[in-house]
Amino acid sequence: MANCVKCGRNLPGLSFGKKICSWCVQHEAAHRGQEPEGAVQRIEAAPWLRRQSTSMIVTQILFGINVAVFLAMVLADTSVLENAPGELLVRLGANLGPLTLGGQYWRLLTCVFLHGNLLHIAFNMWCLWDLGALAESLYGHWTFAVVYLLAGVGGSLGSIVWNPNVLSVGASGAIFGIAGALIASFYLGEFSLPRAAISGSLRSVVTFVGYNLVFGAILSRVDNAAHVGGLVTGLILGALIAKAAPDRDNPFQRIAVLVLALVLIGGGAAWWLSSRDYIRHMQRGWGFLAETKTDQAIAEFQSVVRHRPDYALAHFALGQAYGVKRDFAGAESEFKRALELNPQNENYYKYLGFAYIDQKKLPLAREVYQRLLSLNPDSADAHFGLAAVAMEEQKYQDAIREYQTTAQLKPDLEGVHYHQGRAQVQLGKLDDAIASFKKELEIAGDDYNTEIALANAYEAKGMKKEAAETREKAAALTSNH
């Protein structure tokens, strides 16, 4: 249905030529003195005044839900006021690629009602109050609610497409969606508003979007991908409503358009999520590995490798699962493939080297760690690996030297002083070994193997009292488990 370009009133169907309603034609003719003397022009309320609603109940409900959720978060942890802990946000439903794509699709919506700190929610609620009131007055209550929620999901999808490993929360994607819907609707001009009001509102919304997108690009912590995702979703919804269902008194037309939008957006999202199904298998595999269900983990990782043979992380994960199962040949094969696909990943060198050590392929292990040193001369993992090779070769002095270098590069690395102490015991350097074992306990905390090694060193040195006390402590550790 066309609208009058002067006042915005609806025109009769099949209107051609200059789109001006009969009321405006008569009004302009009167101003030009072309109307007969005594002609009466009917009094008719401006359409934007007649149709405008003062109620913004949906905006108020959305505002209230967001504030209530944030207050509940503050009661759970007061640090939320400054910066909400990531684990709390994840537990409450934040959007995080590996979890969302791993099958927890509800996070696409729940994250819209979570916020990271007081400033975050304050700014978003200020924007929601202003833009929400305007959008709700134009679209009506239920249409506005649907647009808001769909735009929020669209923003969440944009976030995991662009930043799958970044934690994302906040209503900004939905708010940008409302802004996008307003821009499309104002531009296409299918609402009963005067042109001056439309131009001013359109200018304000476009300025809001442009400023915040630039601001988001400058600040690294702002999830601009969610903004863009919500904006694009809103533009699509606003255009569909404006062109196909501008009359909110025709609910069936609105419902049909929104269902179509839901099918298009939902179908596109479902297709994209299914193309990322490998992430769900990866998540299941890591979960099985954490539960020591090694065979199930291997099956999940193998499924990923079959469908994405060039995915280095899947080969690495499969290698780790083989290692847990003590299939070191299988682990070697997968770590080598991961390294071929991503030769810059230092972790892959580390694990491949230990797969060689477990198979007593010591020259190959040394070669891998030397390659790692050529990639990163300050790699603590490389020196730790070379020390392990030297221990297998019973070159204890060389091992001690490599462990000392490792400790210099990474002082808090667990296990370094324990293995250094073992090498010192082999050379009869008991005082040095005792000092190394004590240092390991300082770094790693109570550990049965380190306590037993320390007790053995005390006993070898003739310090029977200290040896007995240390063995008692080790025994207490086992009883606590």
Side-chain angles (χ1 to χ4, degrees), residues 1-4 7-10 46-66 109 112-113 124-155 171-195 197-206 208-209 227 229-266:
M1 182 177 291
N3 295 82
C4 174
C7 70
R9 288 182 177 86
N10 291 332
W48 57 90
L49 295 177
R50 187 171 66 244
R51 293 293 305 275
Q52 192 170 13
S53 170
T54 58
S55 173
M56 48 183 284
I57 186 170
V58 175
T59 301
Q60 293 167 342
I61 290 173
L62 292 171
F63 185 96
I65 292 173
N66 279 279
L109 184 59
V112 176
F113 297 95
N124 277 351
M125 292 305 98
W126 172 51
C127 296
L128 172 61
W129 194 262
D130 283 347
L131 289 175
L134 176 58
E136 191 169 355
S137 70
L138 291 178
Y139 293 124
H141 305 310
W142 69 269
T143 303
F144 166 68
V146 173
V147 170
Y148 182 89
L149 295 175
L150 285 178
V153 172
S172 55
I175 293 168
F176 266 80
I178 293 301
L182 289 171
I183 289 171
S185 297
F186 284 149
Y187 181 76
L188 294 170
E190 290 295 335
F191 288 93
S192 298
L193 289 169
R195 287 299 162 189
I198 289 176
S199 299
S201 299
L202 178 59
R203 216 167 21 247
S204 298
V205 177
V206 170
F208 163 82
V209 169
H227 295 170
L231 178 64
V232 171
T233 304
L235 287 169
I236 294 172
L237 291 170
L240 286 172
I241 293 170
K243 297 304 290 183
D247 186 3
R248 69 184 188 185
D249 290 335
N250 187 342
F252 298 107
Q253 201 173 29
R254 279 280 176 92
I255 290 171
V257 166
L258 290 174
V259 168
L260 173 62
L262 182 60
V263 169
L264 291 175
I265 295 171

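The first residue of the sequence shown is numbered 1, and numbering continues consecutively from there. Side chains are part of it too, since the values below use all heavy atoms of this structure and drop only hydrogens, waters and symmetry mates. Keep in mind that what you see is a predicted model, and the values were worked out from it rather than measured.
- Few gaps surround CH2 on W129; more than 12 heavy atoms of other groups in view lie less than 6.0 Å from it.
- Residues G154 and T233 come closest through the heavy atom pair CA-OG1, 3.4 Å.
- Annotation for L131 and A179: closest pair CD1-CB, 4.2 Å, computed over non-hydrogen atoms.
- Residue I175 comes nearest to N124 through the heavy atom pair CD1-O, 3.1 Å, listed as atom of the first residue, atom of the second, then distance.
- Between E136 and T143 the shortest side-chain heavy-atom distance does not fall below 4.5 Å.
- Taking CG of L150 as the start and CD1 of I236 as the end, the distance is 11.0 Å to the nearest 0.5 Å.
- Separation of atoms CG (L128) and CE (M56) is listed at 7.5 Å; rounding is to 0.5 Å.
- Across every non-hydrogen atom of A184 and A239, the tightest pair is CB-N, 3.5 Å.
- The distance from atom CD1 of I178 to atom CD1 of I183, rounded to the nearest 0.5 Å, is 11.5 Å.
- With rounding to the nearest 0.5 angstrom, the CG atom of L231 is 11.5 Å from the OG atom of S172.
- The line from CG of L240 to CG of L258 is 8.5 Å long, rounded to the nearest 0.5 Å.
- Taking the six-membered ring where tryptophan is involved, the planes of H227 and F176 are essentially parallel, since the angle between them stays under 30° and well short of 60°.
- Here the closest non-hydrogen pair linking L182 and Y139 is N-OH, 3.7 Å.
- By the 6.0 Å contact criterion, CD1 on I255 is enclosed, its count of non-hydrogen atoms from other residues, nucleotides or ligands being greater than 12.
- In this structure, OG1 on T59 lies 10.5 Å from CE on M125, to the nearest 0.5 angstrom.
- Here the closest heavy-atom approach between residue G177 and residue A151 is recorded as CA-CB, 3.5 Å.
- The side-chain heavy atoms of V58 and Y148, taken from C-beta on, include no pair separated by under 4.5 Å.
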Would L149 and V153 count as a side chain to side chain contact (heavy atoms under 4.5 Å, CB included) here? Give the steps. CA-CA 6 Å; L149 295 175; V153 172; 5.8 Å; no
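- Between F144 and L62 there is a side-chain heavy-atom pair separated by less than 4.5 Å.
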